[in-house]
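A quick write-up on the structure given underneath.
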Amino acid sequence: MEYNFTEIEEKWKKVWAEKQLYKVTEDTSKPKYYVLDMFPYPSGAGLHVGHPLGYVASDIYARYKRLKGYNVLHPMGYDAFGLPAEQYAIETGTHPAITTEKAMARYKEQLDKIGFCYDWDRKVVTCEPGYYKWTQWLFLQLYKSWYNRETNKAESIETLVKRFAAFGCDNTWIQFDEEAHPVFTAADWSIFPEHKKELILQNYRMVYRSSTEVNWCEALGSVLANDEIKDGKSERGGYPVTKKKMRQWSLRITEYADRLLEGLNRIEWSDSIKEQQRNWIGRSEGAIVDFKVNAPLVNGELVIQVFTTRVDTLFGVSFLVLAPESELVSLITTDDQKAIISEYLTYVKSRTDVERQQEKRVTGAFTGSYAVHPVTGNDVPVYIAEYVLAGYGTGAIMAVPADDERDRKFAEKFQLPIIEVIDKSMYEGATIEDKVGKMINSDFLDGMEVKDAISAMLDRIETLGIGKRKVNYKLRDASFSRQRYWGEPFPIKYKVFGVPDSPFADENPDDIADIPFALDESLLPLELPAVSNFKAGGDGRSPLANSADWVANNYETDTMPGYAGSSWYFLRYMDPNNAHAFASKEALDYWQQVDLYLGGSEHAVGHLLYSRFFTKVLHDLDFLKFDEPFKKLVNQGMITGVSQKILYDAHNDELGSHVERTSNTIFYEGSSCTLPEKASRIYYSADAIDCLPTYSREFIKLAKNVQIDFVNPNGVLDIEQYINWRIEEENAAFVCRGGIYFKGNFYENLNPIENPSRDFKTKAEVEKMSKSKYNVVNPDDIIAEYGADCFRMYEMFLGPLEQSKPWDQKGINGTAGFLRKLWRLFYDDKAGFKVTTDDATPAELKILHKLLKKIEYDMEHLSFNTSVSAFMIAINELTELKCSKHAILNELVIALAPFAPFTTEELWAALGNTESIHLASFPQFNEAYLVESSFNYPVSVNGKLRATVELSLSLGQDEVLAQVTELENVKKWMEDKAVKKVIFVKGKIINIVV
RNA sequence: GCCCGGGUGGUGAAAUCGGUAGACACGCAGGACUUAAAAUCCUGUGGCCAUUGCGGCUGUGCGGGUUCAAGUCCCGCCCCGGGUACCA
């Protein structure tokens, strides 16, 4: 009987669906295990072979855990709100819901073909009202809570309101932050109007509305979060991003900075991701130091606060620098410097983020004012410069040119004094960044090590009252508003008393038009209104501003960002259809954390940080018992594609020609070939380059991607197919070693050169798999040709899960051969089913149990590639022994079932089993079968391998040595030299030192 | 620049505690079967030398070191991939 994978797969897919084989319940009789894949965005292009890599791995693991007796939750769903569908809607008018629905159906079809064990009844889709009702509900929980720094957790906003009613707010309170929190008494609070109270509460809510500098992307018509920007451009589309002040919703994630750092120590994630999160949070310990402004024009006291991590260098301060955006700038600029400062500010504004990052110029301007050094009493000039960022620390620095590279460059340019304060001569190779050395020119600090000087100075500034210790973070509160249609509406209304507000309006504290009020939970979900125009509302307004109804109700017109829905989806899988809660307490307490989370490393800071934040808030509010969402995280590597490129001549190219091609003749070394007319462009076979004259080679540098299907396994391009695809190339010439293809004819080379091949060869290159590179391989095609089991095994066989590797179609024959070989242990072409009930021999049992042991080890280490090898070895060995025994094969197929669910199910049934193999128990390996009686010892003389010999493991060192020294080759190398030392490790090695 | 990964045959890779480097596959070469092809099977396959056999030398990015023994540990460097960047 033939191995017909298509038939087998169709058959079992149906049976499994009918029996609801993968249905999962909260079965308390079994230990639980939660395996999760990162939430896919259903793109219209469907899946390519790179996408399912992680899904296959998690599926194998989930199935393995099930065989091991666990109740496994392994769900799938879609992160279905998103920009591509909305962009498509803007272009075509097709509603994003329709586009998304189609894409999801396509995904499901592709995923089902691969044979994943998802319980589709638990599917979660973020754009469905049944789901986003709870995203909105979650938003309200955040809105109705504040972060209490005394208890160090989020709690109900009611406790804060009570506090204000009883005590008001004063600056001795731990929560107090001068910039954000106004001072008032309990009596004040009692008479504040509603909107004023709300305005104050916005300073504390976990989600709040404020006017902040945001990343505005004009092309997308929307605000972007920091992690959605790469190199100063939008991650999606690569459009320019500028800074703009806008009214926005933000998440108060900064309150969790320390707990987000601490939690990293309790989870099993890769060092690289943990490190990225630590860097993103960017905790640094330092101090705020006050410098009084000693300006002629200032009446009263004006203080510039600087943040520094290096208080030890305070005596090295020779000037201060403010961020150009600082509000102090206008206050301290002297009349005679006004022109220079204003000119500089204009320059700074003209610079985009991209320009700033690409060329770092030393620029700045003097304000004309001086500040008083708080310790020495000296005057230090105050500058502004773009290298100081408004958003970090206090937006002002004390410059120590002796110990900071940027300060030094600035000082050199503006000829400011450089005061050496640290002697690093005793530390060889220490750089300016290293916090080592002995203090000099620093008064009472002189002679101290940097470390001691820092703590001594911290004490001193606090005693003097000129500063205080301060921990600073790079982490910003996260922007939570998007000017888009295809996202969750906010459950927020504005009570408009004044004029409708513009998002770009300057902050006006008396403007009460912008005071938000939360909808009651009973009104959820607040569904997205149907609109016909998906374009932005203009002037920074969202598409929802186009809906008259929506605007009339004074609903928030922004929508939530992508991460709103994807930050908590793993909780919804636990109880996806619950209409009364985001998930029941029983389900949450049963499933708890995700035990194993698989996905790409591109979500290192975005999704993975927000999910941790949401989890911690829900934990604080007593919804969850755990405070970290993902116990173990594994990042699968990317599967790259092999692109096929053709090289062409840049002489007459649109990129600019400087050598006009005048002749119809192409020259080879020692030969030539003439075409009847001039070609529109000349392409060169990759193997023809070396037979061209040197002078023309240098122009052949450009490469163009061609559809990979046009290239045969030997790298030869089908020129006709290519021209049919790119009709504008019909007059192009294709130069091979043997001659030239031109307009369907072949013109032979006049004098034959070496290997005058007529093959036109492409150049292969490894790149990301993408539509635009024409190198996409669709899993559907692979499955049609080789079957899903073969596809699954090959994906795993390619290499370690976490490593990125190119997709090479050729190797798949290996796993295809393996499955056929396995099949032939069961079926003979002529004789048919040939499994016997004979007793297994010790040799056969050893093969089986060696395999079982290996698989168990590999599974725990997620080493799927070596598992596949182990199966191959076992099947090879059993084939060698012609073993078709029930006792062996029945257990072997169970072990293989997670990898090849279809084939093993078929064989399992053939073996006479009536229940599904996927409900079986993983066979326990028995160490007794693995005991070896002898070992093939490698014998070394002076550490070099000279012979191997099979010896009983019962022998001791002396007996082994006696046997070994009789070996001819060993004798030869020992000659008559005296034996100095013998190293003998039983079952490992014997090494004789002479 | 800084922080994480990584570097082993023609290719993907394996080597789990420092103990026979290259398992398992692909590819390639030769052979069997076949009218032929495909499929299948057998043999060989790191490099160099020897090949009549035993074998010998060399080899895990480079240079050192520790050790009876190093792909694995230590020191210094080079290259590739990812992240990040005026963060005070």
Side-chain angles (χ1 to χ4, degrees), chain A residues 230-231 270-276 278-280 282-284 286 306-310 313 321 356-357 360-362 385-389 391-400 403-407 409-410 431 433 472-475 601-602 604-605 635 637-638 640 713 794 797-800 802-815 817-818 820-821 824 829 854 857-858 860-861 863 865-876 879 935-948 968-969 972 980-985 987-994:
Chain A
K230 292 262 135 58
D231 304 322
S270 72
D271 288 340
S272 114
I273 298 259
K274 285 198 213 177
E275 203 54 32
Q276 280 181 54
R278 284 191 193 105
N279 290 340
W280 191 260
R283 184 180 201 273
S284 58
V306 302
F307 175 73
T308 179
T309 56
R310 296 295 304 274
T313 62
V321 189
R356 269 203 191 193
Q357 280 174 21
K360 278 164 196 165
R361 292 191 211 156
V362 182
E386 66 175 338
Y387 83 88
V388 176
L389 306 175
Y392 185 76
T394 59
I397 62 156
M398 55 178 226
V400 184
D403 208 54
D404 183 282
E405 193 60 45
R406 296 152 305 175
D407 295 348
K409 279 187 185 148
F410 194 87
T431 64
E433 286 98 25
N472 211 0
Y473 301 92
K474 278 206 294 199
L475 185 71
S601 52
E602 67 271 18
V605 284
N635 302 111
M638 193 174 46
T640 47
Y794 186 55
F797 186 65
L798 277 174
E802 303 192 38
Q803 206 167 296
S804 92
K805 53 243 159 186
W807 175 263
D808 178 9
Q809 190 94 349
K810 285 185 212 148
I812 201 166
N813 290 328
T815 42
F818 160 77
R820 274 196 301 268
K821 238 171 161 176
R824 281 203 303 274
D829 282 350
K854 171 79 176 154
Y857 179 89
D858 283 349
E860 294 315 323
H861 293 83
S863 178
N865 55 326
T866 51
S867 294
V868 178
S869 299
F871 281 118
M872 287 173 169
I873 291 168
I875 295 300
N876 286 348
T879 304
F935 177 74
N936 191 22
Y937 277 98
V939 186
S940 298
V941 180
N942 283 346
K944 278 196 185 275
L945 182 75
R946 295 303 173 188
T948 60
E968 194 121 334
N969 212 39
K972 185 175 116 190
K980 262 204 231 158
K981 197 173 173 186
V982 176
I983 286 98
F984 175 71
V985 184
K988 280 266 160 83
I989 200 167
I990 178 154
N991 186 12
I992 304 160
V993 187
V994 296

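Letters A, B, ... mirror the listed sequences (proteins, then strands); counts begin at 1.
Contact annotation: the side chain of A:Val400 never approaches that of A:Arg310 to less than 4.5 Å [non-hydrogen atoms, C-beta and beyond].
Across all strands shown, B:U60 forms no Watson-Crick or G-U wobble pair with both distances under 3.5 Å. Nucleotide B:A32 forms a Watson-Crick or G-U wobble pair with B:U40, both donor-acceptor distances falling under 3.5 Å. In this entry B:G18 has no Watson-Crick or G-U wobble partner, no candidate having both defining distances under 3.5 Å. When both distances must be under 3.5 Å, the Watson-Crick or G-U wobble mate of B:G71 does not exist. With a 3.5 Å ceiling on both atom-pair distances, the Watson-Crick or G-U wobble partner of B:C26 is B:G10. The pairing partner recorded for B:U84 is B:G1, the criterion being a Watson-Crick or G-U wobble arrangement whose two distances lie under 3.5 angstrom. Remark: B:C54 base-pairs with no nucleotide; criterion is Watson-Crick or G-U wobble with both hydrogen-bond distances under 3.5 Å.
Between A:Asn991 atom CG and B:C68 atom P there is a gap of 10 Å when expressed in whole angstrom units. Distance A:Gln803 CD to B:U8 C1': 12 Å, rounded to the nearest Å. When rounded to the nearest whole Å, the span between CD of A:Glu275 and C1' of B:C2 equals 11 Å. To the nearest angstrom, C1' of B:C2 lies 16 Å from CH2 of A:Trp280. Taking atom CG of residue A:Asp407 and atom P of nucleotide B:C87, one finds them 10 Å apart after rounding to whole Å. The CD-C1' distance, from A:Gln809 to B:G27, rounds to 15 Å in whole Å. Rounded to a whole Å, the CG atom of A:Asn279 is 10 Å from the C1' atom of B:A85. For the pair A:Lys274 NZ and B:U84 C1', the computed distance is 19 Å after rounding to whole Å.
In this structure, A:Arg310 does not reach the B:C87 phosphate: none of its side-chain N or O atoms is under 4.0 Å from OP1 or OP2. The phosphate of B:U40 has neither OP1 nor OP2 within less than 4.0 Å of any side-chain N or O from A:Arg824. Phosphate contact (OP1/OP2 of B:G27, side-chain N/O of A:Lys810, threshold under 4.0 Å): absent. Using a 4.0 Å cut-off, some side-chain N or O of A:Asn865 falls inside it from OP1 or OP2 of B:A14.
At the heavy-atom level, A:Lys409 lies nowhere under 4.0 Å from the strands shown. A:Glu405 comes within 4.0 angstrom of nothing in the nucleic acid, heavy atoms only. Residue A:Arg283 is out of contact with every strand shown, counting any heavy-atom pair closer than 4.0 Å. Among the heavy atoms of the strands lying under 4.0 Å from A:Thr948 is at least one base atom, whether or not backbone atoms are also near. Nucleic acid contact class of A:Arg278 (heavy atoms, under 4.0 Å, all strands): none. Counting non-hydrogen atoms under 4.0 angstrom, A:Ser869 reaches a base of the nucleic acid. Contacts of A:Ile983 with the nucleic acid, taken as non-hydrogen atoms under 4.0 Å apart, include base atoms. Nucleic acid contact for A:Asn936: base, since at least one base atom lies under 4.0 Å from a heavy atom of the residue. Across all strands shown, A:Pro806 has no heavy atoms under 4.0 Å from either base or sugar-phosphate atoms. Contacts of A:Asp404 with the nucleic acid, taken as non-hydrogen atoms under 4.0 Å apart, are absent. Within 4.0 Å (heavy atoms only), A:Asn876 reaches sugar-phosphate atoms of the nucleic acid but no base atom. Contact annotation for A:Lys944: backbone-only contact, meaning every heavy-atom pair under 4.0 Å involves sugar-phosphate atoms and none involves a base.
Between A:Arg946 and A:Met872, the residue whose closest nucleotide on RNA chain B is further toward the 5' end is A:Met872. Between A:Arg820 and A:Leu798, the residue whose closest nucleotide on RNA chain B is further toward the 5' end is A:Leu798.
Nearest approach of A:Ser284 to A:Tyr392, heavy atoms of both residues: OG-OH, 3.0 Å. For A:Ser869 against A:Phe797, the heavy-atom pair with the smallest separation is OG-CE1, 3.7 Å.
Within 6.0 Å of the NZ atom in A:Lys409, the count of heavy atoms belonging to other residues, nucleotides or ligands does not exceed 12.
Between A:Phe818 and A:Phe871, the ring planes are tilted. Angles from 30° to 60° get that label.
The glycosidic torsion of B:C41 lies more than 90° away from 0, placing the base in the anti range. Regarding the sugar-base torsion, B:G46 falls in the anti class, its angle being beyond 90° of 0.
If you look at A:Tyr937 and A:Phe984, their ring centroids are closer than 6.0 Å.
No donor-acceptor pair closer than 3.5 Å links the side chain of A:Ser601 to the backbone N or O of A:Ala604.
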